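Beneath this line is the structure, given in structure tokens, with notes to follow.
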Amino acid sequence: MSTIDNKLKAISNINTLQQRDQWVNHLHPLVKLLLTFIYIISVVSISKYNLSKMLVFAIYPFFCFNLADLNFRDAIYRMRLILPLVMVVGIFNPIFDRDIMLYIGGNVMANGEHVGGLAISAGVISMLTLMLKGVYAVLATYILIATTSIEEICYAMRKLHVPQILVLVILLINRYIYILGEEASRIMTAYKLRAPSQKGIHYKAWGPLVGQWLIRSMDRAETVYESMQLRGFNGEYRYVADQKTRATDVIYFMVWLAVFAVFRFTNVVELLGGLFV
Amino acid sequence: MKTGIEKHLLHIENLSYHYENDEPVLKNINIDVNQGESIGVIGTNGVGKSTLLKLLVGLLLDYDGTLEVVNHPMIRENVNHIREHIGYVFQDSDNQLFMTTVGEDVAFGPINYGLPQDEVNRRVDEALRLTHIEHLRDKHVYKLSGGEKKLASIATILSMEPDIILMDEPSVALDPQNRRHLINLLNDLAPMKIIASHDLDFVLDTCDRVVLLYEGEIIADGPADEILRDKELLESHGLELPIRYYYQEI
């Protein structure tokens, strides 16, 4: 199977996850979209030196992965390209921000100086915090897309009055990813079958191949659009049938909202630590 | 089906069409079709079969002559209304199926026409039942076989409960069993059908009337059995007898 086919299969596997009969999958899409948004805002708005606050936010992805029966390893594998980028964000902080913020172990002298132990600089703390922010945001997004179809997400976006044109563009991009992928796969297969000894595509063939790919994809995209028009599509896409909000949706939303508020505005780790000191 | 229609479901008079700066693809086409009729449009490659179907659903509008579908002239203002009565099955099912699952694709039309959820569900159930693909409801479109895709494509238009079904080369890429299945399905469907195909055996099995196109003109219009037995007529216009008649000749 070609790389492109593998990529298409990966997208298809995400769609399979979205269709599973899990409790989370049946939640109202607006609830899931809003919670993801609020979670990400809560996480990214925490001070970069407040690592302890960040740690407790791991509860949301941990809880959702279990509730939706998602495989954590699988999620990490799927996000293997984006996670390193996210983690690289704060990598230079330890170099530029060397003020010591805390010591692990060692003794405090009478003059207030620390002797021995491991000194942790503010740069290290901020690097870890930034990394966690990125990882949490990616995981929360993964939870959303693994439990909610693109149509449902767009439906929720329309409920939030996101402009129709923007939602439509997102939907059509999603449609045309398959079309572009399938056309690219066909062209690559046809090329490889007639150039069996070559590794990759010869640079002289790139021009015509890309040209063919774009023309064919545009042609197919137009036909798909015609097919949509013939079944009543006139710009006001109705996505999925209107979904009613149930009591469980409201309760789920309110509980997480309260949890996020507590995590964001109090330091749960410090409070818990205070109980034992 | 929809409101009682007394006149011809389809009325075509002196219809001509040409693509921009090109020779006419269709010339002086005259066809009247009534409810329940099943018509095969046959002809060699490039005679205008697909163009004719595209005109009938309003994908091409700048034609000359008269074209009335469900008693409405095919003009831009009427296109949406007319399309509610017509189901068009594309030659390539990949162009027809664009939603994630079969069930969602079949529901696309009814949802877009603003039908209530109960009615959408009823129509989806009925369309899947008619095409015998209830088991594919939640299957991802990407994972369907060629035959399944064709049946799913037909289900997507049956859920719109059309008065007219247009099909472009429906038997292409079907194995014998799926082909037989499709023939039985089409013969059981009540709406008027127009089937554009090279597969004359398929046309013979599904249509009671045949229109032979050649270089954009209608050469013959009559009972399927009569036209498809006329070896001289078919061969002089680039076609051959259906296989069953071909062997009878030998």
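A quick note: this is a predicted structure, and the numbers were derived from the prediction, not measured. Letters A, B, ... are given to chains in the order of the sequence lines, protein chains preceding strands, and every chain is numbered from 1.
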Taking side chain as everything from C-beta outward and backbone as N, CA, C, O, which of these in [X] sits under 4.5 Å from a heavy atom of chain A? Side chain, backbone, both or neither.
X	result
V120(B)	neither
S159(B)	neither
D138(B)	backbone

Flag yes if more than 12 heavy atoms outside [X] fall under 6.0 Å of its [atom1] atom; otherwise flag no.
X	atom1	result
H18(B)	NE2	no
I165(A)	CD1	no
W206(A)	CH2	no
H161(A)	NE2	no
R80(A)	CZ	yes
L214(A)	CG	yes
Y77(A)	OH	no

#### Entry: Interatomic spacing from CE in M228(A) to CE in M99(B) - rounded to 0.5 Å
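One finds 8.0 Å between CE of M228(A) and CE of M99(B).
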### Query
Atom CG of L172(A) and atom CZ of F98(B): how far apart are they, to the nearest 0.5 Å?
10.0 Å
### Task
Using non-hydrogen atoms and a 4.5 Å limit, figure out which bit of E182(A) sits close to chain B: side chain, backbone, both or neither.
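Looking at E182(A), just its side chain touches chain B.
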#### Entry: Which portion of Q19(A) sits near chain B, non-hydrogen atoms under 4.5 angstrom
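Only the side chain of Q19(A) comes within 4.5 Å of chain B.
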### Message
Looking at D92(B) and R216(A), is there a salt bridge between them, counting it only when a charged N and a carboxylate O are closer than 4.0 Å?
### Response
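Salt bridge flag = no for D92(B) with R216(A).
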Would you say that [X] contacts [Y] through its side chain, given a criterion of any heavy-atom pair below 4.5 Å between the two side chains?
X	Y	value
K143(B)	T16(A)	yes
D94(B)	R220(A)	yes
R231(A)	D105(B)	yes
I157(B)	L230(A)	no
E226(A)	Y88(B)	no

### Task
Using a heavy-atom cutoff of under 4.5 Å, enumerate the residues of residues 40-55 of chain B that contact chain A, numbered in order, or state 'none'.
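Result: K54(B).
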